[in-house]
2 protein chains.
Amino acid sequence: MRNDTKGKEAKAGSKREALVRATIQLVNNSGFHATPMSKIAKLAEVSPGTIYLYFENKQDLINQVYIEVKTAFSAFAFKDYDASLPVAEGFRKIWYNIAAFKLQEVEEAMFLSQCDNTPMMDEPSRQEGLKHLRPLLDLWERGQAEQLIRQVSPFMLYAFSIYPIAFLMNVQQRGLYTITQEHIDHAYTMAWNSIKL
Amino acid sequence: MRNDTKGKEAKAGSKREALVRATIQLVNNSGFHATPMSKIAKLAEVSPGTIYLYFENKQDLINQVYIEVKTAFSAFAFKDYDASLPVAEGFRKIWYNIAAFKLQEVEEAMFLSQCDNTPMMDEPSRQEGLKHLRPLLDLWERGQAEQLIRQVSPFMLYAFSIYPIAFLMNVQQRGLYTITQEHIDHAYTMAWNSIKL
DNA sequence: TACAACAGAATGAACGTTCATTCAGTTCGT
DNA sequence: ACGAACTGAATGAACGTTCATTCTGTTGTA
């Protein structure tokens, strides 16, 4: 009768899922305030009114999508990571994970990048999203204690080792540049050189 | 109609100038699509209709402001720079200039950062703004020829040495972090370490 | 008087959100 | 087993508001 392609889980969440996907896609192409709810509804093949069954309003929609994507990002970033790894190896693992996320899950990564660089997100949600980075901060602290990593603020470490990946993803997405595995390896070296002692 | 070669520019241009300033300030706080023309007019102490004497429409307003700010940025970035300088010294000069711009002219820098990270700017204007970086690209090329700088794409060099500054400016602006001269010197070392051979 | 700069009200399109209604599926009395 | 009663997800037209842009009249100046 209905979509039997998946189990019962597909039924309850299907509309909401479609809305989340549509939101990510449209916000990427036009930005938050330039994408009307009507367009999101249309792309999700759902009536405008249905959005309000799952989300309080437009801001709540964005906030929920942001948290969801950020959570997926963190899961990806710390996959196979183990806090008992030596600092250099742990960082390498996390860095490559993040790079893989940004280059494979482009839609989600672009969405995060836009949320993090514009006033469309409210501060509480932004703070919420920041929490997920804890393991990386801990790793850095340990690296500093062991004299392997520069004694500078985590903001600085992030700015020079992680943030650049977002830029590369952006230019690649605009078609100005194509990133190969070799580029990624170079990028990793540059990232590590900037933060290592 | 504008650009009168007479000396009355201060008066003739005063409304336009006020509009440009107001646009920068409001777009920084709320983003492009969330700032109505009426608010821009109010902050500039001008009537909404008057905007259309100086700008074709909202998009044209943003484009013009973008180009103007980008031009100011470039002038700042290459102040006292001389292409005959040794590579390392030339890069240091430009890097410190850019850092100074981002930390002194916060409003303008934030505006650029937002334009460069969202779909609010159309591609032609973006290309136009990119041209101004030529001298830096030339410097990097020379550095690569002299085996001083890694053999990677300028995008990569930019991502790791310049782009991070924008991140630091952003967190400082959000009040999460305060940047001192010492931080800047550390940041410069990190930037240089990431791109040098 | 003539003309450009300007103000502010007016306009119409587009938006976020609501709500009366429909519809598919489940429950329950028989 | 069967259909009437019920449930809540889903719809989409409609509403009030906001916005970019235009229109009309006023002011200042030569």
Side-chain angles (χ1 to χ4, degrees), chain A residues 1-27 29-66 119-122, chain B residues 1-27 29-66 118-122 125:
Chain A
M1 294 149 198
R2 293 193 53 181
N3 51 342
D4 295 344
T5 50
K6 278 193 176 178
K8 43 187 87 175
E9 164 259 318
K11 183 192 158 190
S14 64
K15 306 252 167 194
R16 210 193 94 103
E17 253 177 59
L19 284 167
V20 169
R21 261 198 305 277
T23 302
I24 293 172
Q25 195 174 317
L26 290 172
V27 167
N29 290 333
S30 321
F32 173 45
H33 288 288
T35 73
M37 296 295 257
S38 56
K39 241 186 214 163
I40 296 176
K42 198 166 290 176
L43 183 58
E45 293 180 299
V46 143
S47 138
T50 303
I51 299 180
Y52 294 86
L53 297 176
Y54 297 97
F55 308 96
E56 260 179 50
N57 50 40
K58 201 180 178 185
Q59 185 64 51
D60 181 52
L61 166 62
I62 290 288
N63 289 345
Q64 287 199 34
V65 173
Y66 176 72
M120 88 193 204
M121 194 69 34
D122 51 26
Chain B
M1 67 175 84
R2 57 177 291 264
N3 234 6
D4 47 352
T5 43
K6 321 289 185 204
K8 280 294 183 183
E9 187 128 328
K11 190 196 167 189
S14 65
K15 307 245 169 195
R16 209 193 94 103
E17 253 177 61
L19 284 167
V20 169
R21 261 198 305 276
T23 301
I24 293 171
Q25 194 175 317
L26 291 173
V27 167
N29 290 334
S30 322
F32 173 45
H33 288 287
T35 72
M37 297 295 257
S38 57
K39 239 187 216 165
I40 296 176
K42 198 166 289 175
L43 183 59
E45 292 179 300
V46 144
S47 135
T50 302
I51 299 180
Y52 293 86
L53 297 174
Y54 296 97
F55 307 95
E56 262 179 49
N57 50 42
K58 200 180 178 184
Q59 186 63 53
D60 181 51
L61 166 63
I62 290 286
N63 288 345
Q64 287 199 33
V65 173
Y66 176 73
T118 71
M120 89 192 202
M121 194 67 36
D122 51 24
S125 301

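Labels below follow one simple rule: chain letters A, B, ... track the order of the sequence lines, proteins then strands, and each chain is numbered from 1.
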Proximal nucleotide (of C:dA7, C:dG8, C:dA5) relative to the B:P48 side chain
C:dG8

Starting at [atom1] of [X] and ending at [atom2] of [N], how long is that distance when rounded to a whole Å?
| X | N | atom1 | atom2 | value |
| --- | --- | --- | --- | --- |
| B:K58 | D:dT21 | NZ | P | 8 Å |
| B:H33 | C:dA13 | NE2 | P | 20 Å |
| A:F32 | C:dG16 | CZ | P | 8 Å |
| B:N57 | D:dT22 | CG | C1' | 13 Å |
| B:I51 | D:dT22 | CD1 | C1' | 13 Å |
| B:I40 | D:dA20 | CD1 | P | 7 Å |
| A:Y52 | C:dC19 | OH | P | 13 Å |
| B:M37 | C:dA7 | CE | C1' | 16 Å |

N or O in side chain of A:K42 less than 4.0 angstrom from D:dG12 OP1/OP2:
no

Using a cut-off of less than 4.0 Å, is there contact between a side-chain N or O of B:S47 and OP1 or OP2 of C:dC6?
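Result: no.
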
Lys/Arg cation over aromatic A:F32: A:K58, 6.0 Å, 45° cone
yes

Do you know the tightest heavy-atom contact between B:I51 and B:A41?
CD1-CB, 4.1 Å

Correct closest heavy-atom pair for A:A44 and A:L19 would be CB-CD2, 3.7 Å

Report, as yes or no, whether the 6.0 Å neighbourhood of atom CD on A:E45 holds more than 12 heavy atoms from other residues, nucleotides or ligands.
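No, not enclosed.
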
Measuring from [X]:[atom1] to [Y]:[atom2], what's the distance to the nearest 0.5 Å?
| X | Y | atom1 | atom2 | answer |
| --- | --- | --- | --- | --- |
| B:Q25 | B:R21 | CD | CZ | 9.5 Å |
| B:E56 | B:Q64 | CD | CD | 8.5 Å |
| A:N63 | A:M120 | CG | CE | 9.0 Å |

Can you give the dot-bracket line for DNA chain D, using ( ) for pairs inside the strand, [ ] for pairs that cross earlier ones, | for pairs with another strand and . for unpaired bases, where Watson-Crick and G-U count if both distances are under 3.5 Å?
||||||||||||||||||||||||||||||

Toward the 5' end of DNA chain C, by each residue's nearest nucleotide, B:G49 or A:P36:
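So the residue in question is B:G49.
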
